[in-house]
Each structure stands twice: as structure tokens, then as C-alpha cells.
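Below, read A as the first sequence line, B as the second, and so on, with proteins coming before strands; counting in each chain starts at 1. Please read all numbers here as calculations on a predicted model, not as lab measurements.
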Protein chains: 2
Amino acid sequence: MQLLKDRIQKDGVVKENSIVKVDSFLNHQMDVVLFAEIGKELKKRFADCNINKILTIEASGIGIATVVAQSFDNCPVVFAKKTKSKNLDGDLLEVQVESYTRGTVFDVQVAKKFLTQDDNVLVIDDLLANGQALLGLIELVDKSNANFCGCSVIIEKGFQPGGKLLREKGIRLESLAIIDDIIDGEIIFR
Amino acid sequence: MQLLKDRIQKDGVVKENSIVKVDSFLNHQMDVVLFAEIGKELKKRFADCNINKILTIEASGIGIATVVAQSFDNCPVVFAKKTKSKNLDGDLLEVQVESYTRGTVFDVQVAKKFLTQDDNVLVIDDLLANGQALLGLIELVDKSNANFCGCSVIIEKGFQPGGKLLREKGIRLESLAIIDDIIDGEIIFR
């Protein structure tokens with residue numbers, strides 16, 4: 001998605017260790033105009049699916065998912081929770097997700113009643129690195145009676161194994177920008 | 001806001017201990033059509049302010065804030081973070097917030113660069129109970145050079161002290177629905 005790549009080039013801040021910070025428009029401060037354009041792009045890419053529910057994970061995925069939902073006939077958005085909350089009760093679907101960066105395993109949960117056999121689910125997250133969060137969300141859909149239609153991330157870190165892992169499993173993945181490398185401070189897109 | 005009250009009556013689930021669960025449309029599954037109506041309502045209520053930034057806190061506030069921002073000329077949304085993240089660096093503003101329900105104190109942070117003297121800030125959260133999260137967000141705005149214009153919550157639990165506490169401090173608070181009591185399973189709005 002060219003608009004997104006241009007934005008990453010313009011406002012992404014390259015740090016050491018191949019990190020590009022996108023906190024000014026994606027995952028701390030959020031540009032809802034960009035999110036609406038992302039929604040239009042995803043609607044095009046998933047035009048063949050009758051998406052009627054979006055699943056994401058707290059926290060950074062939520063803002064993108066709610067705006068993107070507007071492009072899918074204002075379908076409901078469900079966000080999976082990382083901590084047990086008193087707001088969660090009834091039957092829960094739960095999976096465990098490994099965090100490479102933190103070296104821990106955490107539980108991810110969603111109320112069973114919000115993923116039903118009538119739901120055609122698009123899974124969305126902001127970033128894809130090792131793919132464990134995305135795989136956890138897909139596993140939640142598999143555990144429910146809902147239909148998994150595919151997943152999308154705004155930025156895939158192409159130099160980390162998540163994208164390859166998901167594609168090798170035959171999972172439909174739409175990455176709107178894939179950063180393959182950072183050479184002398186320059187961001188190289190796939 | 002009548003539409004919201006009607007929705008709470010229709011889809012809110014009354015539990016023991018004066019709890020109304022609104023997880024089917026507000027804070028687990030999210031209804032973006034309702035959020036857009038909330039945006040229009042807030043735009044009316046804050047028509048006198050030149051709001052150009054919305055501040056919320058992860059996680060449940062994010063979805064509402066991003067859709068509401070569309071009613072405020074698509075202004076940027078910043079969400080304060082509850083956990084130190086590697087996505088956060090540079091100068092941070094930090095406050096401590098007490099959680100009554102969990103009996104703990106946690107840090108809430110925002111990057112200083114996203115709250116500037118040019119920002120007229122509306123603070124948004126989903127629920128108001130004891131008011132500590134909202135007070136923390138307002139303190140973050142006070143610590144920055146930004147202008148605090150007011151705050152809004154979707155549901156205020158009128159039988160808990162937060163609303164009174166904020167109003168006594170002279171803080172502008174727009175609660176879109178105030179639940180004062182639950183008697184024999186019936187929700188009583190103020």
C-alpha cells in the first residue's frame with residue numbers, strides 16, 4: 001500500500017537494531033485518516049470474503065480495527081484480552097501466546113459468544129514480527145465455530161520469521177507494508 | 001444520550017453486585033455505529049472548544065476514541081500506556097494511578113511529544129467508577145503544555161465516587177449515561 005509506505009518513509013523513525021518507530025501515527029498517537037484509507041484497501045483485498053466480524057488484540061490493534069470495520073459495513077469488532085478481567089465472564093476461549101521480546105507466555109482470551117458460526121472473521125493487528133500473537137488469534141477463531149477468512153497487519157517485519165511462518169501454513173496474510181531491511185538508515189520495502 | 005441509554009437497557013446484562021455488563025457493544029465486542037453516534041453527540045457538547053487531540057487510555061477507550069475523533073475533524077488520538085513498552089522512548093510523561101478493584105498502583109505513560117501547547121485535549125474513557133484513571137489522564141495533560149478542555153465517559157457509575165470527585169474539582173465532565181442504581185434488576189439512570 002503505497003500511501004502507507006510513503007508515510008512510514010516520512011514519519012517512521014529508524015532506531016538502532018533495525019527498529020522503525022511508527023508511534024506518531026500507528027501505535028501510540030494514531031492517525032484516523034490513514035486508518036480509514038487502510039480500511040478501504042482491506043475492503044478491496046478481501047472483497048471476495050463476506051467479512052462480518054473483525055478480531056484484534058489489545059491494545060494497538062483496537063484503533064485500527066474499529067476504523068477498518070467501517071469499510072466492512074460497520075461490522076462489530078472484538079478485541080482479545082491479554083489479562084483476565086472482571087469484564088470477562090461466561091464461556092471463554094483461551095490460548096497461550098509466547099512473547100519472544102519479553103520471554104514470557106501469556107493468556108489471550110475472548111468470550112465464546114462473540115465468535116459464532118455466522119461470523120466470517122478478519123483478524124487484524126498492527127505489527128507482525130514473530131507471528132505468535134496472530135497465530136494465537138487464528139487459534140481462537142479455530143476454537144470457535146466461526147469462519148476464518150484471513151488476516152492482515154499494517155507492517156510486517158520481513159526480517160523476522162512471522163510472515164514466512166504464517167504463509168508456509170497456508171494462512172492468508174495481507175501485509176500492507178513489509179520492511180525487509182534497514183540499510184544505513186534507509187528503509188527497504190519488499 | 002437517549003440512544004445510549006436505550007442500548008444499555010436493551011443489551012446491558014445486569015449481574016449481582018450492581019454490575020451491568022456492556023461487553024456486547026462497548027468494551028469487548030464494539031459497535032462502531034454506536035461509537036459514531038457518540039462522536040456526533042460529543043461534537044455537539046464540546047462545540048465551544050477547538051478540540052484537536054483526543055487522549056484515552058488502553059485498552060477499552062481506544063476504539064471509542066478513534067471513531068469519536070472522526071467527528072472532531074479527524075484529529076489525532078493518543079492512548080496512554082499502562083505498561084512500559086519498547087515502543088515508548090524519548091521523554092515520557094508519567095503518573096501513578098490507583099486501581100481500587102485490583103488494589104494496586106500502576107504507572108500510566110505518554111510520550112511528551114504528543115501533547116504540545118498547540119493541543120486542545122478532550123480526554124475520553126469508556127467507564128467512570130472511582131475516577132482514578134481519568135484523574136491520571138488529566139494529570140498527564142496538566143504535566144504537558146497542552147490545554148485540557150474536558151473529559152467524557154460513556155457510562156458513569158453514579159453510585160461510585162468518581163463523578164462527584166471530578167465535578168467537585170471543577171473538572172468539566174460529560175457522562176453520556178449515568179447509572180445511579182440497579183433495583184430488582186432494573187437499571188435506574190440519573
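Connection of B:Ile154 to B:Ile178 is not established within any shared hydrophobic cluster, with ILVMFWY side chains joined at heavy-atom distances below 4.5 Å, either directly or through further cluster members. A continuous path of ILVMFWY side-chain contacts below 4.5 Å connects B:Val14 to B:Ile179, so both sit in one hydrophobic cluster. Note on B:Met1: it clusters hydrophobically with B:Met30, by side-chain heavy-atom contacts below 4.5 Å among ILVMFWY residues. Transitive grouping of hydrophobic side chains (ILVMFWY, heavy atoms separated by less than 4.5 Å) keeps B:Val13 and B:Leu127 in distinct clusters.
The shortest side-chain heavy-atom distance between A:Gln70 and B:Val67 falls under the 4.5 Å cut-off. The side-chain heavy atoms of B:Glu58 and A:Ile62, taken from C-beta on, include no pair separated by under 4.5 Å. Under the 4.5 Å side-chain criterion, counting only non-hydrogen atoms from C-beta, B:Asp23 is in contact with A:Phe114. Using a 4.5 Å heavy-atom threshold, the side chains of B:Gln29 and A:Lys113 count as separate. Residues A:Phe25 and B:Pro76 have side chains not in contact (no heavy-atom distance under 4.5 Å, counting atoms from C-beta outward).
Applying the 6.0 Å contact sphere to NZ of B:Lys112 captures no more than 12 heavy atoms from other residues, nucleotides or ligands. Applying the 6.0 Å contact sphere to CD of A:Glu186 captures no more than 12 heavy atoms from other residues, nucleotides or ligands.
Although no hydrogens or angles enter the test, the distance criterion places no donor-acceptor pair under 3.5 Å between the side chain of A:His28 and the main chain of B:Val78.
Residue A:Lys53 touches chain B through its side chain alone, counting heavy-atom pairs closer than 4.5 Å. Neither the backbone nor the side chain of A:Thr56 has a heavy atom closer than 4.5 Å to any heavy atom of chain B. Contacts of B:Asn74 with chain A are made by both backbone and side-chain atoms, with heavy-atom separations under 4.5 Å. Interface remark: B:Lys15 contributes side-chain atoms only to the contact with chain A (heavy atom separation under 4.5 Å).
Nearest heavy atoms, A:Cys75 versus B:Val32: O-CG2, 4.0 Å.
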